[in-house]
Asks: 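Attaching a single structure in structure tokens format; questions to follow.
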Amino acid sequence: MIGKTVRQASLFAFAFFKEAAAISDPMLDSVDRLLEDPALLTLSTQALASRSPGSNKVGRQGIAPDRLLRCVVLKHIKGWSYRQLHRELRASLLYRRFTRFYEDPIPDFSNLCRAFALFGKQGTQQIHQRIVEQAAEAAIIAGKKLRTDTTAVETNIHHPTDSSLLADSLRVMSRSLDRIVQGCQESEFRMVNHARAAKYRVLEIGRAARTFTQAGQEQFKQSYKKLIGLTQKVRAQAAAVLMALKDHQLVARPAAFLKVLAAEASLKHYLPLVEKVITQSQARILQAQTRHPDKILSLFEPHSVVIRKGKAHKPNEFGRLVRIDEVKKGLVSNYAVALGNLCDQQQWVPALEAHVELFGRAPRLAAADRGFWNSANETAAARLGVEQVVLPGCGRLSPTRAARQKQRWFRRGQGWRAGIEARLSTLKHRFGMQRALYKGEIGFERYVGWCIIAHNIVAMSRARRKSGDERCRSG
């Protein structure tokens, strides 16, 4: 059952309120007023109701919508993990007052983790949209100017090499097979753990990769062949075990039924990915095909792609490409996670269309870097109603084009566009968007969305304090 937003205080709450009222934090006090919006509470309630069909009526009482919303905002503003959030909530009167827990017990970090995941991709986008609508209603933003850029956000994976992916495949399959064998009664299947052999092969590959002699290269290929052979052997064993479970040749013990069921589901999920890892390893090492289609970079984050942004210190980044649209006062009006490694030119028109859908009109000025430029994008912006299109051209410019880019409004628009680089740096280093820590593709988009939401909330509170519209807590 969803917790109540109206709660009766206990007899011993007077001492807590007396001490908590003496503590003030200008930023959190301003954020507290922003989160009192009824539309945000409705979205949080809908997220909690999506857990099961009867979540809002039956079951034991869980976390309340206002507490959930404030906890997830506080977590991303401070950049804490779930364990840190649980520890800080228990220890601080200020954070208890902000999250409305007061003298009540704090849920465990695992409960907070499962509750946060209920927002999902769509719920996170709706909350972000409502925050932007609040900024527009408060006249903080008007949507007259737009600047956009793309950045690479890393997924939480290790550096992908063929040997490490094969070792991960062996480890995952062996773990699931071991659980199935232990959970089934009278099983004749014997599981051999190849972890030591896989470790030796990976070490051999690492040593051989640092040598450029003919003998070293031959040792490199031979070690890879052995590692691929081990992976293929365990994959065949996993397929045989799945077939035996399907034909009821392997029967799970009643006490371990759920454990066997989870291990079976894990094998069904990972076997197609393992097949891709084996195929791409054979193509690259044995056939020298470096441009293999549908390349997989991680078993655990298979949606990751290789992103090349032309950075000298980091030529290849492994994650997803995210487009950031920024308007006045440093607020991010929209964001989008690209399906693959799209070029910037393909992201210009979607950014303008999203702006028109949000504000009901095209911006007066729209700016981006030279990676977004082509004649079709300029024409599309003018067709949507953008008066000043600031897209620097690439290559040698014609006299007409050079004269246009030297005009004062164009140069000022270029200077304003450069501010989005600082915004990207703030999102990555202050709000933790450099590396997404939530699991899966939906978790990735949820993490990126909440980093942007936390940034927007802090920017709105700062803008309201500067404008002098904020009142003190006493009124």
Asks: List the atom of A64, the atom of L48, and the distance in Å for their closest heavy-atom pair.
Replies: C-CD1, 4.1 Å

Asks: Has Q134 got a side-chain atom pairing as donor or acceptor with L34's backbone, closer than 3.5 angstrom?
Replies: yes

Asks: Quick test of your reading: applying ring-ring contact (aromatic ring centres under 6.0 Å, His included), list the pairs with at least one residue in residues 309-338, sequence neighbours left out, ordered by first then second residue.
Replies: H128-Y335, H159-F318

Asks: Checking F410 now: which residues fulfil ring-ring contact (aromatic ring centres under 6.0 Å, His included) with it, not counting sequence neighbours?
Replies: none

Asks: Between Y82, Y447, F116, which is the residue that forms a ring-ring contact (aromatic ring centres under 6.0 Å, His included) with H76?
Replies: Y447

Asks: R320 side chain to A338 main-chain N or O, any donor-acceptor pair under 3.5 Å?
Replies: yes

Asks: Taking the basic N atoms (NZ, or NE/NH1/NH2) and the acidic carboxylate oxygens, is any pair closer than 4.0 Å for E137 and R130?
Replies: yes

Asks: Keeping S92 on the side-chain end and L94 on the backbone end, is there a donor-acceptor pair under 3.5 Å?
Replies: yes

Asks: Is there a donor-acceptor pair under 3.5 Å between the side chain of S30 and the backbone N or O of P26?
Replies: no

Asks: Would you mind telling me which of K276, K295, R284, K221 makes a salt bridge (Lys or Arg N to Asp or Glu O under 4.0 Å) with D162?
Replies: R284

Asks: I'd like to know if E387 and R364 make a salt bridge, using a cut-off of under 4.0 Å between side-chain N and carboxylate O.
Replies: no

Asks: Can you list everything that forms a ring-ring contact (aromatic ring centres under 6.0 Å, His included) with F119? Sequence neighbours excluded, please.
Replies: W450

Asks: Check D369 against D149 and note the closest heavy-atom contact, atom names and distance.
Replies: OD2-OD1, 3.4 Å

Asks: Is there a donor-acceptor pair closer than 3.5 Å between any side-chain N or O of Q280 and the backbone N or O of I296?
Replies: yes

Asks: Could you tell me whether Q122 atom CD has more than 12 heavy atoms of other residues or ligands within 6.0 Å of it?
Replies: no

Asks: Using a cut-off of 6.0 Å, state whether more than 12 heavy atoms not belonging to K311 lie near its atom NZ.
Replies: yes

Asks: Inspect the contact between R70 and D32 and indicate whether a charged nitrogen and a carboxylate oxygen are less than 4.0 angstrom apart.
Replies: yes

Asks: Donor-acceptor pair, distance only, cut-off 3.5 Å: does the side chain of R96 make one with the backbone of L89?
Replies: yes

Asks: What's the shortest heavy-atom distance between C71 and T99, and which atoms?
Replies: SG-CG2, 4.0 Å

Asks: Are more than 12 heavy atoms from other residues, nucleotides or ligands located less than 6.0 Å from atom CZ of R404?
Replies: yes

Asks: Got a salt bridge between R33 and E36, using NZ or NE/NH1/NH2 to carboxylate O under 4.0 Å?
Replies: no

Asks: In this structure, are over 12 heavy atoms from other groups packed under 6.0 Å from R430 atom CZ?
Replies: yes

Asks: Minimum heavy-atom separation for T45 to I2, with atom names?
Replies: O-CD1, 3.8 Å

Asks: Other residues, nucleotides and ligands only: do more than 12 of their heavy atoms fall within 6.0 Å of CZ on R361?
Replies: yes

Asks: Taking NZ in K439 as the centre, count heavy atoms belonging to other residues, nucleotides or ligands within less than 6.0 Å. Is the count above 12?
Replies: no

Asks: For residues L146 and A351, report the shortest heavy-atom separation together with the two atoms involved.
Replies: CD2-O, 4.2 Å

Asks: Count the heavy atoms of every other residue, nucleotide or ligand shown that sit under 6.0 Å from CD of Q214, and state whether that count exceeds 12.
Replies: no

Asks: Under the 3.5 angstrom rule, does the side chain of N377 hit a backbone N or O of F372 as a donor-acceptor pair?
Replies: yes

Asks: So does K428 have more than 12 non-hydrogen atoms from other groups sitting under 6.0 Å from NZ?
Replies: yes

